[in-house]
Protein chains: 2
Amino acid sequence: MGITKSEMFTAEQNALAGIAKVLGNPARIAIIQYLFKTESCICGDLVTEIGLAQPTISQHLKELKNLGLIKGTIEGTSICYCIDQEKWDELAAIFGKFLDQKEQPKGKCC
Amino acid sequence: MGITKSEMFTAEQNALAGIAKVLGNPARIAIIQYLFKTESCICGDLVTEIGLAQPTISQHLKELKNLGLIKGTIEGTSICYCIDQEKWDELAAIFGKFLDQKEQPKGKCC
DNA sequence: TATATTAATCGTAATATTGCAATATATAGA
DNA sequence: TCTATATATTGCAATATTACGATTAATATA
């Protein structure tokens with residue numbers, strides 16, 4: 001249905017899926033990479049850098065902001081977006097722990 | 001449009017987004033966690049464990065299989081699904097590297 | 001105040017995802 | 001072969017996502 005039955009999963013499972021979902025789009029990956037590497041982080045730069053329309057970039061920024069990964073400060077008529085390193089590290093730790101899982105030795109199969 | 005313009009992004013960006021997208025659903029997170037922790041990994045167990053219909057579970061398994069995260073071996077009339085630890089570690093390394101990014105010191109903002 | 005610049009929001013179209021019932025397929029055992 | 005069991009596939013409905021043009025809001029400057 002395009003709807004996920006979040007009420008039947010644990011908070012941790014929903015949190016992990018929520019993080020992954022926001023990261024599950026190449027435009028948002030590109031935005032994050034650009035914010036990490038560049039000196040300036042004016043929103044308008046992202047529009048030319050990524051190559052998507054301004055409302056589209058704005059929408060992606062909103063989703064990244066909702067998750068807390070980025071923060072924006074007003075710079076005159078522009079807005080400067082940056083990674084929120086503290087929040088990033090926090091989510092990276094949650095996700096990294098999930099990725100670090102090791103298989104239990106199983107007797108029979110695979 | 002529900003379509004992402006993947007041709008305008010790098011292979012790495014698409015790969016990262018592709019991994020995250022598959023992980024961006026709590027049912028698939030739950031399936032992965034169950035496969036990691038349990039002794040047995042019969043497909044039918046997942047249906048009762050997760051609480052979604054059998055075709056739905058089968059569909060999620062298919063997506064995990066497409067990404068290479070799991071593999072299934074036929075056990076009589078059942079199928080035994082397991083994590084492909086090697087592939088998991090590989091994807092975890094790719095994603096972990098992305099998560100490990102640190103902010104460049106910026107002069108002006110944020 | 002008027003204008004230019006920048007970013008957010010609205011409205012909409014196209015496509016994707018999620019989930020399930022019904023059905024198909026495949027294997028094991030009688 | 002016939003039946004039971006287990007999984008995959010198909011087809012569909014509901015909802016979500018992505019993208020963009022048009023518009024709005026807010027600020028800076030003339």
Side-chain angles (χ1 to χ4, degrees), chain A residues 1-9 13-14 17-31 35 40-67 70-82 109-110, chain B residues 1-9 13-14 17-31 35 40-67 70-82 109-110:
Chain A
M1 300 177 183
I3 193 169
T4 52
K5 299 189 158 182
S6 59
E7 75 279 355
M8 57 199 308
F9 300 104
Q13 288 164 345
N14 283 315
I19 297 167
K21 197 170 193 178
V22 170
L23 298 178
N25 178 289
R28 290 196 286 270
I29 295 286
I31 289 171
L35 291 183
S40 89
C41 43
I42 306 297
C43 170
D45 292 349
L46 289 167
V47 175
T48 55
E49 175 75 13
I50 310 290
L52 290 170
Q54 178 267 321
T56 307
I57 296 294
S58 187
Q59 193 177 267
H60 284 309
L61 288 171
K62 191 177 172 184
E63 288 185 63
L64 293 171
K65 219 179 341 179
N66 285 344
L67 195 60
I70 63 173
K71 54 189 173 182
T73 55
I74 297 172
E75 293 266 325
T77 166
S78 307
I79 293 182
C80 176
Y81 280 105
C82 301
C109 62
C110 304
Chain B
M1 299 179 184
I3 194 169
T4 53
K5 299 190 161 182
S6 59
E7 75 279 355
M8 57 200 308
F9 300 103
Q13 287 164 345
N14 283 315
I19 297 167
K21 198 171 193 177
V22 170
L23 298 178
N25 177 290
R28 290 195 286 269
I29 295 286
I31 288 171
L35 291 183
S40 90
C41 43
I42 307 297
C43 170
D45 292 349
L46 289 167
V47 175
T48 55
E49 176 74 14
I50 310 290
L52 290 170
Q54 179 266 321
T56 306
I57 296 294
S58 186
Q59 193 177 269
H60 284 309
L61 288 171
K62 191 177 173 185
E63 287 186 64
L64 292 171
K65 218 177 345 178
N66 285 343
L67 194 60
I70 64 174
K71 54 188 172 184
T73 55
I74 297 173
E75 294 265 323
T77 165
S78 306
I79 293 182
C80 177
Y81 279 105
C82 301
C109 61
C110 305

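Naming: A, B, ... by sequence-line order, numbering from 1 per chain.
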Chemist: With sequence neighbours left out, write down each residue that passes salt bridge (Lys or Arg N to Asp or Glu O under 4.0 Å) with B/Glu49, or none if nothing qualifies.
Modeler: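 Applying salt bridge (Lys or Arg N to Asp or Glu O under 4.0 Å) to B/Glu49 gives none.
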Chemist: Could you check whether A/Ser78 gets within reach of a base, just the sugar-phosphate, or nothing at all, counting any heavy atom under 4.0 Å?
Modeler: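 Sugar-phosphate contact only - A/Ser78 comes under 4.0 Å of backbone atoms but never of a base.
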Chemist: Let me know the distance between CG of B/Leu23 and P of C/dT17, rounded to the nearest Å.
Modeler: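 So the CG-P distance, B/Leu23 to C/dT17, works out to 14 Å.
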Chemist: Applying a 4.0 Å non-hydrogen cut-off, can you work out what A/Thr4 is touching in the nucleic acid: base, sugar-phosphate, or nothing?
Modeler: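 Touches sugar-phosphate only.
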Chemist: Does the side chain of A/His60 get closer than 4.0 angstrom to OP1 or OP2 of D/dA19 through an N or O atom?
Modeler: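 Yes, because at least one side-chain N or O of A/His60 sits under 4.0 Å from OP1 or OP2 of D/dA19.
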Chemist: If you check every side-chain atom of B/Ile3, which of C/dC20, C/dA8, C/dT15 has the closest atom?
Modeler: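 Ranking C/dC20, C/dA8, C/dT15 by closest atom to the B/Ile3 side chain puts C/dT15 first.
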Chemist: Is the distance from OP1 or OP2 of C/dA14 to the nearest side-chain N or O of B/Lys5 less than 4.0 Å?
Modeler: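 False: B/Lys5 side-chain N/O out of range (4.0 Å or more) of C/dA14 OP1/OP2.
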Chemist: Any side-chain N or O of B/Tyr81 less than 4.0 Å from the OP1 or OP2 oxygen of D/dA8?
Modeler: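 Yes, within the criterion.
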Chemist: Report, as a single string ordered 5' to 3', how protein heavy atoms within less than 4.0 Å touch nucleotides 22-30 of chain D: B base, S sugar-phosphate only, - not at all.
Modeler: B----SS--
Chemist: Rounding to a whole Å, what distance do you find between B/Ile57:CD1 and D/dT9:P?
Modeler: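 Distance, rounded to whole Å: 15 Å.
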Chemist: What residues, two or more places apart in sequence or in another chain, satisfy side chain to side chain donor-acceptor pair (under 3.5 Å) together with A/Lys65?
Modeler: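 For A/Lys65, the residues satisfying side chain to side chain donor-acceptor pair (under 3.5 Å) (neighbours in sequence not counted) are A/Tyr81.
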Chemist: Pairs of donor and acceptor atoms involving the side chains of residues 52-60 of chain A, under 3.5 Å and at least two apart or interchain, shall be tabulated with distances.
Modeler:
from    : atom 1 : to      : atom 2 : distance (Å)
A/His60 : ND1    : A/Arg28 : NH1    : 3.0

Chemist: Would you name the heavy atoms of A/Leu67 and A/Ile19 that are closest together and state the gap between them?
Modeler: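 Reported closest heavy-atom pair: CD2-CA, 4.1 Å.
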Chemist: In whole angstroms, how far is the P atom of C/dT6 from the CG atom of A/Leu46?
Modeler: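 Answer to the nearest Å: 14 Å.
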Chemist: Expressed as a whole number of angstroms, how long is the span from B/Ile50:CD1 to C/dC20:C1'?
Modeler: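 Going from CD1 in B/Ile50 over to C1' in C/dC20 covers 17 Å.
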Chemist: Determine whether A/Leu61 and A/Leu46 make a side-chain contact, defined as any pair of heavy atoms from C-beta on separated by less than 4.5 Å.
Modeler: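 Contact flag for A/Leu61/A/Leu46 side chains = yes.
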Chemist: Sequence neighbours excluded, which residues qualify as side chain to side chain donor-acceptor pair (under 3.5 Å) partners of A/Gln13?
Modeler: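 For A/Gln13 the side chain to side chain donor-acceptor pair (under 3.5 Å) partners, ignoring immediate neighbours, are A/Thr10, B/Gln33.
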Chemist: Please determine, for the side chain of A/Lys62, which listed nucleotide (D/dT9, C/dT9, C/dT17) has the closest atom?
Modeler: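 Out of D/dT9, C/dT9, C/dT17, the nucleotide with an atom closest to A/Lys62's side chain is C/dT9.
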Chemist: Between B/Leu52 (CG) and C/dA21 (P), how many Å, whole number?
Modeler: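 Atom-to-atom, B/Leu52 to C/dA21, this comes out as 11 Å.
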Chemist: What is the distance, to the nearest angstrom, from the CD atom on A/Gln59 to the P atom on C/dT6?
Modeler: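 Roughly 21 Å, once rounded to whole Å.
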Chemist: In terms of the nearest nucleotide of DNA chain C, which residue is placed more toward the 5' end: A/Thr56 or B/Arg28?
Modeler: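 By nearest-heavy-atom nucleotide position, the 5'-most residue is A/Thr56.
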Chemist: What is the separation between atom CG on A/Asn66 and atom P on C/dA8, rounded to the nearest whole Å?
Modeler: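 These atoms are roughly 12 Å apart.
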Chemist: Among D/dA8, C/dT9, D/dA19, find the nucleotide with the atom closest to the side chain of B/Lys65.
Modeler: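 Output: D/dA8.
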Chemist: Identify, with sequence neighbours excluded, every residue that meets side chain to side chain donor-acceptor pair (under 3.5 Å) alongside A/Asn14.
Modeler: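 Here no residue qualifies.
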Chemist: Please find the pair of heavy atoms, one from B/Ile42 and one from B/Ser78, that lie closest to each other, and give the distance.
Modeler: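 Shortest heavy-atom contact: CG2-CB, 3.9 Å.
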Chemist: In this structure, how many angstroms lie between the P atom of D/dA16 and the CG atom of A/Asn25, rounded?
Modeler: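 That distance rounds to 17 Å.
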Chemist: OP1, OP2 of C/dT17 versus side-chain N and O of A/Lys21: anything below 4.0 Å?
Modeler: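 Negative; the distance criterion is not met.
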